[in-house]
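Heads up: the structure comes next, in structure tokens.
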Amino acid sequence: MKTVVENLLRAHDGPMTSELVLRPAEFGLGRVPGRLQPASTAKSVCGFCSTGCSLLVHLDESGQAINLTPDPDHPVNLGMACPKGWEALTPLVAHDRATTPLLRNAKGQLEPVSWERAIAEFCSRMKGVQARHGAASVAALSTGQITTEEMALLGALAKFGMGIADLDSNTRQCMATSHVAYKQSFGFDAPPFTYADFEESDLLVFVGANPCIAHPIMWQRVMRNRRNPSTVVIDPRRTETAMAATLHVPVCPGGDLALLYGIAHLLVSRGWIDRDFIAAHTTGFDEFETFLRDFTPARVVADTGVSESTLEQLATLIGTRERVSLWWTMGVNQSHQATRTAQAIINLALMTGQIGRPGTGANSITGQCNAMGSRLFGNATSLIGGHDFANPDHRAHVASVLGLDEKRIPTAASRAYDQILGRIATGGVRALWIVATNTAHSWISHCGFAELRRKLDFLVVQDMYATTETARMADLVLPAAGWGEKEGTFINSERRLGVIRKVSRAPGEALSDFAIFKLIAEGWGCGGMFRQWRDPAAAFAIMRALSAGRPFDIGGIRDYDHIEAEGGIQWPFTSADALVSKFGVRSSEIGQTSDTAQTPNSDLRSPATHERRLFADGRFFTPDGRARFVFDPPSPLPEGANRDYPFVLITGRGSSAQWHTGSRTAKSAVLQKLAPNSAWIEIHPADAGPAGIANGDRVRVSSRRGTTEAAAQLTPSVQRGQVFIPMHFPEVNRLTFPAFDPHSRQPAYKACAVRLERLSQE
Ligand code: SF4
């Protein structure tokens with residue numbers, strides 16, 4: 001073990017860029033501001049959100065990052081970056097980086113230990129728990145923030161090497177719904193769109209999405225649309241995007257599913273559906289048409305708070321525009337009937353034939369930078385590489401590629417995040433390994449997590465920082481390198497693989513998550529099973545092999561340099577695609593053209609660089625090639641407002657300068673100046689007046705779970721009877737109600753009942 005650790009630390013100290021470094025003259029880097037003149041530049045995809053912007057990281061003579069600028073040539077961001085991207089290097093030099101393993105001592109304090117000691121403790125205590133309480137007494141929670149190679153190695157190590165059947169990820173909190181919805185409707189988790197669709201639509205409908213601040217570069221792509229499109233925002237709040245939209249539809253919380261069925265009802269009754277497409281490419285429409293009869297305008301107006309004229313206007317827009325794209329994100333995914341709501345959006349695209357053409361699609365926008373990688377390779381809900389645990393052929397294929405005994409592969413998916421926490425409460429789980437997520441802050445109704453922690457015999461947190469709410473509770477902290485301190489791939493919202501590069505040395509003895517997993521494999525005694533996972537590049541080769549024959553087949557991608565040279569590559573990209581690319585064809589011959597020319601010779605781009613969307617041929621990934629109409633009746637909010645708790649609390653992203661629990665963005669003084677540093681609550685002035693609440697007052701906010709305080713912001717952007725608190729502050733999840741979508745088990749963060757009390761005036 002000592003030799004393995006020494007080798008890893010030596011490698012960790014080695015050159016940070018090699019053939020990957022680009023010469024500065026090629027990029028006119030003399031214009032780059034900063035105290036040092038850069039010697040070279042490396043490209044790296046941003047590590048915050050799922051947009052997948054490319055950044056040019058400028059390096060000094062030693063290869064250390066000194067500055068960055070957005071990549072002007074990348075097809076995703078076209079030279080733009082949001083505030084988080086501009087500040088991507090700052091969190092790496094934060095004072096509270098975890099620089100050495102920390103082990104809780106007999107006095108209850110975390111103290112530095114060697115990697116050898118840390119790995120020995122990890123393995124002996126985890127194995128001890130398994131020996132005393134059974135293999136299922138150890139579970140793990142992972143993330144959408146590490147590279148795909150790291151996710152794949154973690155999933156394989158935990159499930160096939162360590163016997164940890166229950167490994168879930170924080171992508172359960174953001175994207176599980178889209179995963180399940182697409183899988184049931186299309187036969188595979190396959191977002192069909194490409195970002196060019198933002199620029200090629202006549203009508204863009206955003207449901208529970210606020211791209212102005214949540215995905216600002218995507219919104220910039222909408223702004224580039226030359227077709228003079230209409231934009232619609234369906235959201236209880238008048239968000240930044242709603243203020244910029246052609247039409248804001250202020251649906252009541254939880255009313256979106258009924259609203260979408262009401263739109264479908266009108267489309268049928270007006271004859272604005274594509275019966276040829278429905279007949280040729282879908283299954284289940286007759287039953288859906290019958291189901292829709294109950295969703296009359298009168299009922300939908302009563303159930304949603306949306307006026308009949310707005311409903312008519314919305315249906316007319318969707319029914320009569322040539323190119324309609326429908327987009328959703330957390331407002332849908334984090335609701336109590338999330339999967340069926342996402343599928344109601346998919347149903348609208350299917351019944352109108354608005355899919356597979358430029359500017360169309362039922363399009364889920366992902367949250368985290370690599371949630372899409374987690375969906376394919378996390379080895380939680382789906383068997384690694386987009387396979388099914390229950391399918392014996394899939395298990396045999398995975399075992400063959402990984403060189404494993406097939407018996408090591410579980411026949412069922414992992415329990416979900418909430419079920420794992422539930423098993424801690426009942427004593428079923430006694431040891432927990434948390435990788436790069438901040439459960440004690442982000443979990444719904446998290447005030448219970450401190451209690452859960454007391455029930456654990458052993459809690460390990462692997463993170464960049466020793467100061468997160470969760471790391472502070474750990475028995476063992478494993479210090480991890482962050483974005484920019486390691487190599488690997490991310491997959492963005494439009495299925496585009498991008499590469500992250502090592503442009504900075506991790507501090508102290510922090511190691512990449514990949515290296516930590518390799519150390520644990522050695523310590524556990526199963527290192528031999530993972531010899532072929534030599535490094536991230538070797539892991540990528542394994543991922544390619546796992547993808548063979550699957551809808552996301554990436555067998556045509558050679559390596560990281562290939563991805564980078566093409567400006568990222570969208571899946572699928574098969575060996576056959578690679579051949580076409582090698583010999584060159586005109587895009588008009590491929591039939592998947594984008595009508596937005598981004599390069600002067602856009603008609604002679606290789607297929608790899610095309611903006612490529614799925615389902616142009618109308619064939620889906622179901623056994624019969626047909627998409628499914630999936631639907632269920634709406635159900636009421638799990639916890640509606642009443643006399644004691646008269647307001648519905650909505651949560652969401654607060655600004656483009658904040659990211660999730662603030663573990664990284666709170667480290668930036670620049671980002672801290674761009675948004676309030678403490679929790680605020682948005683209240684409608686007509687509600688605040690009778691409660692005696694003025695702008696800036698401290699307000700006590702209480703739900704049935706807990707109480708917190710926030711500063712009042714009076715604004716008509718929330719409707720009467722509703723209030724809003726951003727998700728970035730720990731206060732908010734003291735209040736939220738732990739309801740879950742029954743199909744995806746995604747937490748319903750978006751609505752719970754609260755009451756307000758004025759504390760003081762500022
Ligand atoms: Fe990074 Fe997302 Fe901002 Fe792009 S939009 S710079 S990917 S955080």
Side-chain angles (χ1 to χ4, degrees), residues 50 144 148 151-152 155 169 171-172 175-194 197 281-284 326 328 333 338-340 342-343 345-347 349-350 355-356 360-366 370-395 397-398 401 413-414 491-497 543-557 569-574 576-577 592 612-630 743-744 746:
S50 67
T148 319
M151 289 170 182
S169 159
T171 50
R172 181 74 64 180
M175 295 316 302
T177 287
S178 297
H179 175 90
V180 175
Y182 278 137
K183 207 167 169 182
Q184 292 180 351
S185 294
F186 293 164
F188 194 75
D189 178 14
F193 64 100
T194 177
D197 291 320
H281 304 298
T282 70
T283 294
L326 303 132
W328 81 87
N333 288 343
T339 302
R340 293 296 179 256
Q343 286 165 326
I345 296 169
I346 292 171
N347 294 345
L350 293 175
I355 195 160
T360 66
N363 305 327
S364 146
I365 301 172
T366 298
N370 203 20
M372 289 284 285
S374 167
R375 283 154 70 169
L376 286 176
F377 287 99
N379 212 18
T381 303
S382 294
L383 175 60
I384 191 169
H387 295 88
D388 285 331
F389 284 100
N391 185 319
D393 293 337
H394 288 189
R395 294 199 301 273
H397 174 64
V398 168
V401 171
S414 168
I491 306 175
N492 77 355
S493 276
E494 55 165 355
R495 313 179 319 282
R496 186 180 298 272
L497 280 80
M543 287 159 43
R544 286 175 50 210
L546 285 169
S547 78
R550 302 298 296 150
F552 74 102
D553 192 328
I554 53 172
I557 302 178
I569 299 177
Q570 289 173 283
W571 66 254
F573 191 71
T574 64
D577 292 328
Q592 292 185 331
R612 296 181 304 139
R613 59 186 62 79
L614 301 177
F615 312 133
D617 59 359
R619 282 197 64 77
F620 294 85
F621 296 119
T622 50
D624 60 6
R626 290 168 172 269
R628 307 282 191 257
F629 283 92
V630 187
H743 306 286
S744 66
Q746 181 153 348

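For the single chain, residues carry numbers from 1 onward in sequence order. Below, all heavy atoms of this structure are taken into account, side chains as well, without hydrogens, waters or symmetry copies.
Each of Lys183, Gln184, Arg375 was checked for a side chain to side chain donor-acceptor pair (under 3.5 Å) with Asp189, and the lone residue meeting it is Arg375.
A side-chain donor-acceptor contact under 3.5 Å links Thr177 to the backbone of Asn333. Using a distance-only test at 3.5 Å, with no hydrogens or angles considered, a donor-acceptor pair links the side chain of Ser547 to the main chain of Arg544. Counting only distance, with no hydrogens or angles, the side chain of Glu494 and the backbone of Phe193 share no donor-acceptor pair below 3.5 Å. Remark: side-chain polar atoms of Arg495 are paired, donor with acceptor, to backbone N or O of Trp571 under 3.5 angstrom. The backbone N or O of Thr282 sits less than 3.5 Å from a side-chain atom of Arg626, completing a donor-acceptor pair. The backbone N or O of Gly386 lies less than 3.5 Å from a partner atom in the side chain of Arg550, making a donor-acceptor pair. When atom types are taken as modelled, the side chain of Arg395 and the backbone of Phe389 share a donor-acceptor pair closer than 3.5 angstrom. In this structure a side-chain-to-backbone donor-acceptor pair under 3.5 Å is missing from Asp617 to Leu614. Between the Asp197 side chain and the Thr194 main chain, a donor and an acceptor come within less than 3.5 Å of each other.
Asn363 is not listed as a side-chain neighbour of Leu326, based on a closest heavy-atom distance of 4.5 Å or more. Inter-residue side-chain proximity for Met175 and Ser364 is flagged as met; some heavy-atom pair is nearer than 4.5 Å. Side-chain contact between Asp553 and Phe573: absent, with no pair of heavy atoms (C-beta onward) separated by less than 4.5 Å. Side-chain contact between His743 and Gln343: absent, with no pair of heavy atoms (C-beta onward) separated by less than 4.5 Å.
Residues passing the ring-ring contact (aromatic ring centres under 6.0 Å, His included) test with Phe615, sequence neighbours excluded: Phe186, Phe620, Phe621.
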